[in-house]
Structures are given as structure tokens and as C-alpha cells.
Amino acid sequence: MDRFVFLTIDGLSRGAVYAAFALALVLIWRAARVVNFAQGAMAVAAAYVAYTVSAATGSYWLGFVVAIVAGLLLGALVDRVVMRHVDHASPLNPVIVALGLVLLIQAVLGMVYGNEFRPAEAPFSRSALTVGGVAVLSPYDLFVFATIGVVVSALAWMFARTPVGLRMRAAAFAPEVSRLLGVNVGGMLTLGWALASGVGALAAMLVIPTELGLHPHAMDLVFVSAFTAAVVGGLDSPPGAVVGGLVVGLLLSYVSGYVGSDVTPLAVLVLLLAVLLIRPGGLFAPVVARRV
């Protein structure tokens, strides 16, 4: 029972990060109807900026803030310089360009920083606290939960309660009508890319200290898990991304704890395949009535 409790808490901690990264993928999909396969590489680039700043100043928190700012700027830059000029007549065109960005970003990071793993320390202890003899959350886990909770709540409030959020939703679902009503659709699209990249950078800063360290490919497996989480919840559903992230985190924790860590990639692929076969739109996708 103690092992089950520990694996559950560990899975929820992992799942919170996957939820944040899946939310970044959902933001891009809702804004541009594009799955940004370069999201992981962009997040790692922001994390390297944080590493540089922290190494130069000795301040983790300054690097943490700079990483988010770098993510916001990188997302806006990718939209304005690259994705805005891609022909969207074929759905494959943005995918191919995004994969090209992955190769470019990872190659540049390898040339500048090298391909060795760099240690990434957490700002709080990762030693689990014990309650009644059972290992539960560590201070770092609490920090992760609190941070993800604030981000998800802030995004939900922005989309539901603010004029900017309303314009972003309108620009995503009815761009032509939005233009006629005076909405700057291009600006809302850039804002969507910036927010998604900023959230991705935040997720990278939270997950990299729990992995082997900083590396140009540090977010590759995280991207696969987060993409699965987004598909499980539904690419059009921010709440679904959060639930999907928690589901994937629990699955990986249970499989790793009871079967073995070597089987976890297979478990993620089986889950992804099952959702695509049973409910391709995701568990939280809206039901569309059939019309004859």
C-alpha cells in the first residue's frame, strides 16, 4: 500500500508537468490549428538561456524568470519569422517546417553548448516528506503543483474573463468574422504562440531537474508524453490537457514502479493508440451531432 501511495503521488507530480506542456500544445492548436512538434526543442532553448543566466549571476530565480521571458519571445519570433509564411493549404506543411525547426534548434544548441548532460539543480529539496511512515510529496513536488495550479488558473481566467482571451478564441475559431469586427487576428495568433512557448519553457524548467539534466534532446520524451496527454484529453480542450497529463503521469509511474522503466514508452504508445481508435477527438472532445 505504501508503494502504491508513493507511486500515485509521484505520478501526479510528473503528470502536472505533462499537463502544462500539453496545455502549451493545446494553445497552439486552438490558435493556429497546428501541432507544434518544435515545442520541446523551443522549451530546451529557453532552458539553456536560463542556465546561462543562472551560471553568470548565481541566481536560480533570475534564470527561471528569464527562461519564461525567452520562451515568450521565441514563440512570437517563430510565428512571425517562420510559421506566418508557411502555406497552410496542406496540413503537412506546418508539420514539416516544425520538424525542421527541431533539427535546427537542437543542432545550434549542440554547437553552442555541446551535447553532454549539464546538471540542473532544483530550487527545493527533492527528498520526500514522510507522513505516518509513508513517503509523500517533496518540497519540490509542492512547488511544481503550486506553479502549475497558478498557470492553469491564470490561463483559464484569461480565456474566460478577459477581452484578450475572448479575442484569441474568436480569432482561432472565426478569423474572417473577427477581422470584420476589428480584431487583430495576426496579433492574437502571435500572442497564442508566445503564451504556448512560455508555458512550454516553464514546463521544461520544472521537469529537467527531475531527469538526467540539461541536454539538447532533454525534452524529447517529455514531448511524446505531453502530446499523448493532449490527444487523450482532446486538442481542443484545455481542461482535457490537464486531465490527460495527470492520466499519463499516473500511467508512467505505475508501469515504471510495477513493471519496469523500460516498458514505459510502450505503455504511452498503447494508450495513444487506444484513444485514437476509440475516441480520436479525445476524451473531452465535444460531441458533434450527425446530420443526414
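Hydrogens, waters and symmetry mates play no part in the numbers below; they use all other heavy atoms, side chains included.
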Find out whether [X] and [Y] are in side-chain contact, i.e. whether some heavy atom of one side chain is under 4.5 Å from a heavy atom of the other.
{"X": "Y254", "Y": "T8", "value": "yes"}
{"X": "I208", "Y": "H215", "value": "no"}
{"X": "I105", "Y": "V44", "value": "no"}

same_hphob_cluster([X], [Y]) at 4.5 Å side-chain heavy-atom cutoff:
{"X": "V199", "Y": "V34", "result": "yes"}
{"X": "V232", "Y": "L276", "result": "yes"}
{"X": "V82", "Y": "I96", "result": "no"}
{"X": "V97", "Y": "L99", "result": "yes"}
{"X": "F223", "Y": "V108", "result": "yes"}

May I ask you to decide if [Y]'s main-chain N or O and [X]'s side chain share a donor-acceptor pair within less than 3.5 Å?
{"X": "S153", "Y": "V150", "answer": "no"}
{"X": "S178", "Y": "V185", "answer": "no"}
{"X": "Y140", "Y": "L206", "answer": "yes"}

Excluding sequence neighbours, so at least two apart, what forms side chain to side chain donor-acceptor pair (under 3.5 Å) with [X]?
{"X": "T162", "value": "none"}
{"X": "E176", "value": "R179"}
{"X": "S13", "value": "D141"}

Side chain to side chain donor-acceptor pair (under 3.5 Å) pairs, two or more places apart, involving residues 99-112: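 Qualifying pairs: Q106-H217, Q106-D220.
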Qualifying side chain to side chain donor-acceptor pair (under 3.5 Å) pairs with a residue from residues 54-68, counting only residues at least two apart or across chains: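 Not a single pair qualifies under side chain to side chain donor-acceptor pair (under 3.5 Å).
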Working to the nearest 0.5 angstrom, can you tell me the gap between [X] [atom1] and [Y] [atom2]?
{"X": "L142", "Y": "F124", "atom1": "CG", "atom2": "CZ", "value": "9.5 Å"}
{"X": "W193", "Y": "M83", "atom1": "CH2", "atom2": "CE", "value": "4.0 Å"}
{"X": "L189", "Y": "M168", "atom1": "CG", "atom2": "CE", "value": "8.5 Å"}
{"X": "I9", "Y": "F4", "atom1": "CD1", "atom2": "CZ", "value": "10.5 Å"}
{"X": "M219", "Y": "S225", "atom1": "CE", "atom2": "OG", "value": "10.0 Å"}
{"X": "M205", "Y": "L214", "atom1": "CE", "atom2": "CG", "value": "9.0 Å"}

Tell me the closest heavy-atom pair linking [X] and [Y], and the distance in Å.
{"X": "S237", "Y": "G240", "value": "OG-N, 2.9 Å"}
{"X": "L7", "Y": "S253", "value": "O-OG, 2.6 Å"}
{"X": "P216", "Y": "N115", "value": "CG-OD1, 3.7 Å"}
{"X": "M42", "Y": "S197", "value": "CE-OG, 3.5 Å"}
{"X": "A218", "Y": "G213", "value": "CB-O, 3.8 Å"}
{"X": "F143", "Y": "P123", "value": "CE2-CG, 4.2 Å"}

Residues clustered with L181, ILVMFWY side-chain links under 4.5 angstrom: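 Members alongside L181: V177.
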May I have the list of side-chain donor-acceptor pairs in residues 263-274 shorter than 3.5 Å, sequence neighbours left out?
{"from": "T264", "atom 1": "OG1", "to": "S261", "atom 2": "O", "distance (Å)": "2.7"}

Qualifying ring pair (Phe, Tyr, Trp, His ring centres under 6.0 Å) pairs, either residue in residues 227-246, two or more places apart: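 The answer is F37-F227.
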Residues L195, M158; criterion side-chain contact (heavy atoms from CB on, under 4.5 Å); working and verdict: CA-CA 11 Å; L195 285 175; M158 186 192 76; 3.5 Å; yes
Check residues 21-28 and write down every donor-acceptor pair under 3.5 Å in which the side-chain atom is one partner and the other belongs to a residue at least two apart or another chain.
none

Salt bridge (charged side-chain N to carboxylate O under 4.0 Å, His left out) contacts touching residues 91-120 (sequence neighbours left out):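 Qualifying pairs, neighbours excluded: E116-R118.
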Within residues 38-49 or reaching into it, pairs that qualify as salt bridge (charged side-chain N to carboxylate O under 4.0 Å, His left out) - sequence neighbours excluded: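 Not a single pair qualifies under salt bridge (charged side-chain N to carboxylate O under 4.0 Å, His left out).
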Residue pair Y113 / T52, side-chain donor-acceptor N/O under 3.5 Å: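 On atom types as modelled, these side chains qualify, holding a pair under 3.5 Å.
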Stepwise side-chain contact (heavy atoms from CB on, under 4.5 Å) test for V35 and V95: CA-CA 7 Å; V35 177; V95 173; 5.7 Å; no
Quiz: residues 64-81 side-chain donor-acceptor pairs under 3.5 angstrom, not counting sequence neighbours:
{"from": "D79", "atom 1": "OD2", "to": "R84", "atom 2": "NH2", "distance (Å)": "2.6"}
{"from": "D79", "atom 1": "OD2", "to": "T190", "atom 2": "OG1", "distance (Å)": "2.6"}
{"from": "R80", "atom 1": "NE", "to": "T190", "atom 2": "OG1", "distance (Å)": "3.1"}

